[in-house]
Amino acid sequence: CVFMGDYVYRSVVSFIKFFSKGWGPVETYEGLAKILFLTRSKCLKIIEKHSHPITVKKVSDTSNGVSYDGVFLSPLATLIPGMLPKEAETARFELLIPKKWKGESRPLYIHMAGTGDHFFWRRRFMYVYPLLKSHGIGSVILENPFYGTRKPRNQTRSQLHHVSDLFVMGLALIFECLRLGQWLEEQDLGPIGLTGLSMGGHNASLTACLWPKPVAVVPCLSWSTASSVFTEGALSSAVCWDVLEEQLFYAKLGHDDRMKRMFEIASENYQYTSDIITSTEHYSTYDGPANLLNKEETHRNILKPQSPEITKLKTKIRNNDSRKKQVFIPKAETVNMMRWMFDYATHLQSYPCPIAPELAIFLTAKWDMYIPRHNVADIRDLWPGCEVRYHNGGHVSSHILNRTDIRQALADGMDKLLNVYNGNQSLA
């Protein structure tokens, strides 16, 4: 079955574990609660106040184009001191532009990293160089906090220690992209698009929500919320549920009143997000390249992923993960809290709709077992007019086998923006 690749890949990297130190410091959540769900105008004021100088140096001038390395202090580092690890406070990026632009405009994308995408080389060779050569589109490759040179010394690979680290990473990237957008326009570069794969795609979506003008956004293999990734998707077996459950009940029993309050805020918010959950059944005709299944088959196989085949496969993966030791099965309350926390911080319903949602192109895998879509809001309900394209594969296989389609979507997204930018198309 086409979704098997996702679980097979997960079994190969079964040594990876997330959130080994739990939910994270309560001070981090209190800081996040103050600045999450900002308006565009407030974000601009923050960037104006915490706009640190950007330093760039020319690295190379080859047939591929001109390459620059850049660094600047993340706005989050001075907005809430101590929230980012010291190693992550300095943002780093690569800027690659053509030697000669094809027209008067100087279009480029900001590329955000997916899970495990450290440094710049992967995005550079898979997407940036081809965009440069074939379409004349420049790129900024931004290094994620907690990754590459910004990885804390005590962190192993991509294994974030706390749930809150993921929220801090996303918030830092939003502010860093806004600062980069400001600087790029000062350099007479633009219009600007946003993109990323998987986690990077969702961070691109969150940034688009707060972008101060129409922006092309091409989220690849992401959807409307990150809550299903660690609660239902293939990565759920990578979560240290025993640590999270112990800390959750410790707080709920009254031993940590401040953290207990954070949990209460997340659970109170769940009623709000659950009101907008819609089934993707009414979109099951799929406007993608392949009309693989009829509606009845789609509903049975996609909207109900807990089928006997998948359950059996998940069990095998869990057994492999635990090296035949007993697997910790979290209580429903723990899994629900994880879902509520992620919905609270990452659900696109909680953020402003982009100024021009019709400039968004979502690339989605029909059989994505890393980002289940069966029980979350459909992006077309949240961003009216956005386009959704489907790959006939899973999360991993779509990334490996459909790079040409991803690059074409990036070119198409920029064409849409250029038409608006040049006055050839009006917004809805």
Side-chain angles (χ1 to χ4, degrees), residues 38 40 43 91 93-94 107-117 120 122-124 126-128 131 137-147 166-167 169-182 184 190-226 229 342 345-365 368 370-371 379-380 382-383 386-389 395 398-399 403 405-414 416-417:
L38 292 170
R40 293 188 190 96
C43 274
F93 66 91
E94 275 189 3
L108 53 80
Y109 275 100
I110 298 176
H111 297 253
M112 295 181 224
T115 302
D117 188 357
F120 307 120
R122 192 177 303 174
R123 284 167 284 169
R124 185 194 305 136
M126 289 182 181
Y127 303 109
V128 172
L131 282 177
I137 298 174
S139 293
V140 170
I141 312 173
L142 180 59
E143 188 172 55
N144 276 16
F146 298 91
Y147 277 24
L166 208 54
F167 304 150
M169 176 195 291
L171 187 62
L173 285 169
I174 290 172
F175 287 130
E176 289 164 18
C177 286
L178 290 170
R179 174 64 184 115
L180 274 171
Q182 182 187 67
L184 289 166
I192 299 166
L194 303 167
T195 189
L197 184 80
S198 192
M199 177 180 70
H202 196 71
N203 285 326
S205 297
L206 291 171
T207 304
C209 291
L210 297 168
W211 203 260
K213 57 181 64 177
V215 61
V217 56
V218 184
C220 306
L221 305 175
S222 67
W223 204 233
S224 57
T225 177
V229 175
F342 270 86
T346 72
H347 205 298
L348 295 182
Q349 174 71 16
S350 301
Y351 296 82
C353 181
I355 292 173
E358 61 268 34
L359 297 179
I361 300 176
F362 281 80
L363 286 148
T364 306
D368 197 325
Y370 275 81
I371 306 178
I379 190 61
R380 285 160 289 199
L382 305 183
W383 290 12
C386 72
E387 181 181 353
V388 178
R389 300 180 183 180
H395 194 86
S398 294
H399 173 42
R403 292 173 192 166
D405 292 342
I406 292 173
R407 292 193 287 262
Q408 186 59 53
L410 290 168
D412 293 344
M414 188 56 70
K416 287 184 178 183
L417 181 58

To the nearest 0.5 Å, tell me how far S224 OG sits from L382 CG. 5.5 Å
With rounding to the nearest 0.5 Å, note down the distance linking CZ in R407 to CD1 in I137. 12.0 Å
Y147 side-chain N/O to A113 backbone N/O, donor-acceptor pair under 3.5 Å: no
Once side chain to side chain contact (heavy atoms under 4.5 Å, CB included) is applied, do any residues pair with S139, and if so which ones, sequence neighbours excluded? H111, V128, L131
Listed by chain and number, what are the ring-ring contact (aromatic ring centres under 6.0 Å, His included) partners of Y127, not counting sequence neighbours? none
Just to verify, what does R40 make a salt bridge (charged side-chain N to carboxylate O under 4.0 Å, His left out) with, not counting sequence neighbours? none
Looking at residues at least two apart in the chain, or sitting in another chain, which of them share a side-chain hydrogen bond (donor to acceptor under 3.5 Å, both in side chains) with D117? R123
Pairing residues for P357 by the side chain to side chain contact (heavy atoms under 4.5 Å, CB included) criterion, not counting sequence neighbours: C353, W383
Just verifying a value: how many Å separate L38 CG and L171 CG, rounded to the nearest 0.5 Å? 7.5 Å
Please name all residues satisfying side chain to side chain contact (heavy atoms under 4.5 Å, CB included) with T364, sequence neighbours left out, ordered by chain then number. W223, F362, R373, V388, Y390
Find the distance between CE (M112) and CD (E143) and round it off to the nearest 0.5 Å. 14.5 Å
Could you grab the distance from atom CD1 of I355 to atom NZ of K213, nearest 0.5 Å is fine? 9.0 Å
Would you call M199 and N144 a side-chain contact if the rule is heavy atoms closer than 4.5 Å? yes
Looking only at heavy atoms, the pair that brings Y109 and G413 closest together is OH-C, 3.6 Å
Distance-only donor-acceptor hits, side chain of residues 204-211, under 3.5 Å, sequence neighbours excluded:
from : atom 1 : to   : atom 2 : distance (Å)
S205 : OG     : G201 : O      : 3.2
T207 : OG1    : N203 : O      : 2.8

Residues passing the salt bridge (charged side-chain N to carboxylate O under 4.0 Å, His left out) test with E176, sequence neighbours excluded, are R150
Passing candidate, side-chain contact (heavy atoms from CB on, under 4.5 Å) with C386, options L359, I379, V217: I379
Stepwise, does the side-chain contact (heavy atoms from CB on, under 4.5 Å) test hold for I110 with F93? CA-CA 10 Å; I110 298 176; F93 66 91; over 6 Å; no
Test of understanding: with side-chain hydrogen bond (donor to acceptor under 3.5 Å, both in side chains), list the residues that count as partners of S198, not counting sequence neighbours. H395
In chain order, what residues pass the side chain to side chain contact (heavy atoms under 4.5 Å, CB included) check against A409, with sequence neighbours excluded? V218, I361, L363, R389
Partners meeting ring-ring contact (aromatic ring centres under 6.0 Å, His included) with F120 (sequence neighbours left out): none
Determine the minimum heavy-atom distance between A360 and K416, stating which atoms define it. O-NZ, 4.5 Å
Is there a side-chain contact between I192 and L108, using heavy atoms and a 4.5 Å cut-off? yes
Would you say that H202 contacts P219 through its side chain, given a criterion of any heavy-atom pair below 4.5 Å between the two side chains? no
Please enumerate all residues that pass side-chain hydrogen bond (donor to acceptor under 3.5 Å, both in side chains) together with Q182, with sequence neighbours excluded. S51, R179
Please find the pair of heavy atoms, one from T346 and one from A226, that lie closest to each other, and give the distance. OG1-N, 3.1 Å
